[in-house]
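Below is one structure, written out as structure tokens; comments come after it.
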Amino acid sequence: MKTIGIGHGSGGSLTRELIRDIILKHLVSDELSPLEDASYIKLNGAETAITTDSYVIRPLFFPGGDIGKLSVCGTINDLAVSGAVPEYLTVGLVIEEGFSIESLEEIISSMGKASREASVRIVAGDTKVVERGKCDGIYINTTGVGRVVRPLLIKDVSAGDRVIVTGDIGDHGTAIALSRDGFEIDAEVKSDCASLKELLMPLFDIKGVRWMRDPTRGGVATVLAELAESSGLGVEIRENSIPVREDVRFISDMLGYDPLYIANEGKALIITSGEAAEEVMGILREHPLGEKTALIGDISSEFSGVRLKTLIGGLRPLDMLDEEMLPRIC
């Protein structure tokens, strides 16, 4: 590897290779090495979760949201799936010379609205302006801090556990694809961009909840492949149980995409014990964001990796995403 390729930002195997071979070689810490969505640290004796993310999406405004809403909800979700109550955010803006003040205000307004709705306070920030042509409008970095209720770690996943997803997959990436030039497809697909804080917090006290992740870059398949690789266990999911909107499935077929690898921004994958699965699904379905919650698979010690049981009964292996299907989706 001599140069960075677009696939290094996919969230898949090239991203993990970059992190493992270059970044972690020089940035060594016990907190960072698990590579979870958030790190756990102690602040004045209190267990705290911290996470950071940068948003470079194109286009900046899309059906269901914009880069401002996305940057707040995405960071809140990384804390929530880590078993933490999101409390504070910081915001860093990199703005291109010539960017519209009206568009900037709309983006900042979205950030304020999303943070207020989630009862999360934005407490610090930074703004930089770069020369015209040196930035694609605006990039946003958000860092989140939350109070840990219970750390949710891959090491706690075991054979016999169940795999749950909180709703239709692939909406965000499909909405972004349709928003870009060149896709003349008439469909009303909206991003699922949303804060998962209120949906997931009731699960923190359920002992059978093992681990959670929001399947953003790389989609559901890549997250499960990461889980299988880190745990040494196998994951089998059932194609007929995976919720996908019909229009998303149709568009994916047209464009050559696989919904299992398309980004989501308002869904969670949840691993629970077999005993807790029904209770967890019942709680999730009571919330508007979890009405389509589905049990899609199981964890096994009898094989390794991820496999999909297809509609005709075959088994298809699922690996991490190699190359970026659709760059700049978050």
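Note that the coordinates shown come from a computational prediction; the quantities given were computed from them, not determined experimentally.
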Are the side chain of Ser109 and the backbone N or O of Glu105 linked by a donor-acceptor pair below 3.5 Å?
no
Taking the side chain as every heavy atom from C-beta outward, state whether Thr48 and Ile50 have any pair of such atoms under 4.5 Å apart.
no
Please check this pair: side chain of Thr222 against backbone of Gly219, looking for a donor-acceptor N/O pair closer than 3.5 Å.
no
What I'd like to find out is whether the side chain of Val280 reaches to under 4.5 Å of the side chain of Arg162, using heavy atoms alone.
no
With a 4.5 Å cut-off on side-chain heavy atoms, are Glu239 and Lys309 touching?
no
Is it true that a side-chain atom of Lys69 and a backbone atom of Gly64 form a donor plus acceptor pair closer than 3.5 Å?
yes
Kindly list each side-chain donor-acceptor pair under 3.5 angstrom involving residues 76-87, sequence neighbours excluded, with atom names and distances?
{"residue": "Asn77", "atom": "OD1", "partner": "Leu196", "partner atom": "N", "Å": "2.7"}
{"residue": "Asn77", "atom": "ND2", "partner": "Cys73", "partner atom": "O", "Å": "3.2"}
{"residue": "Asn77", "atom": "ND2", "partner": "Ala194", "partner atom": "O", "Å": "3.0"}
{"residue": "Ser82", "atom": "OG", "partner": "Asp78", "partner atom": "O", "Å": "2.8"}

Any residue meeting side chain to side chain contact (heavy atoms under 4.5 Å, CB included) with Ile122, in chain and number order, not counting sequence neighbours:
Leu89, Val91, Ser115
Could you pull out all residues at least two apart from Tyr261 that satisfy ring-ring contact (aromatic ring centres under 6.0 Å, His included)?
none
Main-chain N/O of Gly170 paired to Asn264 side chain as donor or acceptor, under 3.5 Å
yes
Does Asp298 come within less than 4.0 Å of Arg238, counting only side-chain N to carboxylate O?
yes
Do Ile262 and Ile329 have side-chain heavy atoms sitting under 4.5 Å apart?
no
When Val235, Leu224, Leu315 are each screened for side chain to side chain contact (heavy atoms under 4.5 Å, CB included) with Arg307, the one that passes is Leu315
Evaluate the side-chain proximity of Leu70 to Asp66: yes if any heavy-atom separation is below 4.5 Å, no if none is.
no
Hydrophobic clusters here meaning ILVMFWY residues chained together by side-chain heavy-atom distances under 4.5 Å, can you tell me if Val123 and Val120 are in one?
no
In Å, rounded to the nearest 0.5 Å, how long is the span from CZ of Arg245 to CZ of Arg249?
12.0 Å
Main-chain N/O of Ile23 paired to His26 side chain as donor or acceptor, under 3.5 Å:
no
Point-to-point distance, once rounded to the nearest 0.5 Å, from CG of Leu35 to OG of Ser230:
7.5 Å
Only counting residues at least two apart or in another chain, list the ones meeting salt bridge (charged side-chain N to carboxylate O under 4.0 Å, His left out) with Arg316.
Asp258
Phe303 atom CZ: more than 12 heavy-atom contacts under 6.0 Å
yes
Please check if the side chain of Asp214 supplies one atom and the backbone of Thr216 the other of a donor-acceptor pair under 3.5 Å.
no
First locate atom CZ of Arg20, then atom NZ of Lys25, and finally report the distance between them rounded to the nearest 0.5 Å.
11.5 Å
Please answer whether the main-chain N or O of Ile237 pairs with a side-chain N or O of Ser241 as donor and acceptor at a distance below 3.5 Å.
no
N/O donor-acceptor pairs under 3.5 Å from side chains in residues 265-274, not counting sequence neighbours:
{"residue": "Lys267", "atom": "NZ", "partner": "Asp168", "partner atom": "O", "Å": "3.2"}
{"residue": "Lys267", "atom": "NZ", "partner": "Asp192", "partner atom": "OD2", "Å": "3.1"}
{"residue": "Ser273", "atom": "OG", "partner": "Ala276", "partner atom": "N", "Å": "3.2"}

Indicate the atoms forming the closest heavy-atom contact of Met111 with Ser71, along with that distance.
CE-OG, 3.4 Å
Is the shortest side-chain heavy-atom distance between Thr51 and Glu36 below 4.5 Å?
no
Audit row: Ile107, Ile140, side-chain contact (heavy atoms from CB on, under 4.5 Å) steps and yes/no:
CA-CA 10 Å; Ile107 289 166; Ile140 300 178; 3.9 Å; yes
Looking at Ile164 and Ala277, what are the two nearest heavy atoms and their distance?
CD1-O, 3.9 Å
Identify the heavy atoms of Asp30 and Ser33 that sit nearest to each other, and give their distance.
O-OG, 3.3 Å
Distance in Å, Asp37 CG paired with Arg213 CZ, rounded so as to fall on 0.5 Å steps
4.0 Å
Other residues, nucleotides, ligands: >12 heavy atoms within 6.0 Å of Glu31 CD
yes
Answer with yes or no whether the hydrophobic clustering places Leu318 together with Ile296; edges join I, L, V, M, F, W, Y residues whose side-chain heavy atoms lie under 4.5 Å apart.
yes
Side-chain contact test, heavy atoms from C-beta onward, threshold under 4.5 Å: evaluate it for Glu117 versus Ser195 and give yes or no.
no
Verify the cluster assignment for Leu321 and Leu255: are they in a single hydrophobic cluster under the rule of side-chain heavy atoms below 4.5 Å apart?
yes
Ignoring hydrogens and angles, tell me if any N or O in the side chain of Arg180 forms a donor-acceptor pair with the backbone of Arg58 under 3.5 Å.
yes
Look up atom CD in Glu17 and atom CG in Leu14, then write down how far apart they are to the nearest 0.5 Å.
6.0 Å
Do NZ/NE/NH1/NH2 and the carboxylate oxygens of Arg16 and Glu229 come within less than 4.0 Å?
yes
What are the two closest non-hydrogen atoms of Leu60 and Phe99, and how far apart are they?
CD1-CE1, 3.6 Å
Here the gap from Leu233 atom CG to Glu302 atom CD, rounded to the nearest 0.5 Å, amounts to 11.5 Å
Heavy-atom nearest pair, Trp211 first then Ile154, reads NE1-CG1, 3.2 Å
Taking the side chain as every heavy atom from C-beta outward, state whether Leu203 and Met212 have any pair of such atoms under 4.5 Å apart.
yes
If only atom types and distance count, is the side chain of Thr293 paired as donor or acceptor with the main-chain N or O of Gly290 below 3.5 Å?
yes
Partners meeting side chain to side chain contact (heavy atoms under 4.5 Å, CB included) with Val56 (sequence neighbours left out)
Tyr139, Arg328
Please tell me whether Phe61 and Ile95 are part of a single hydrophobic cluster in this structure, the criterion being side-chain heavy atoms less than 4.5 Å apart.
yes
Any side-chain to backbone donor/acceptor pair from Asp21 onto Ile19? Under 3.5 Å, distance only.
no
Which atom pair, heavy atoms only, marks the closest approach of Ala228 to Val306?
CB-CG2, 4.0 Å
Please determine whether residues Met281 and Ile299 belong to a single hydrophobic cluster, defined as Ile, Leu, Val, Met, Phe, Trp and Tyr linked transitively by side-chain heavy-atom distances below 4.5 Å.
no
Of the options Thr90, Thr75, Asn141, which is the one that meets Thr52 in a side chain to side chain donor-acceptor pair (under 3.5 Å)?
Asn141
Charged N to carboxylate O below 4.0 Å: is that the case for Arg147 and Glu47?
no
Salt-bridged, Asp171 to Lys190, with N to O below 4.0 Å?
no
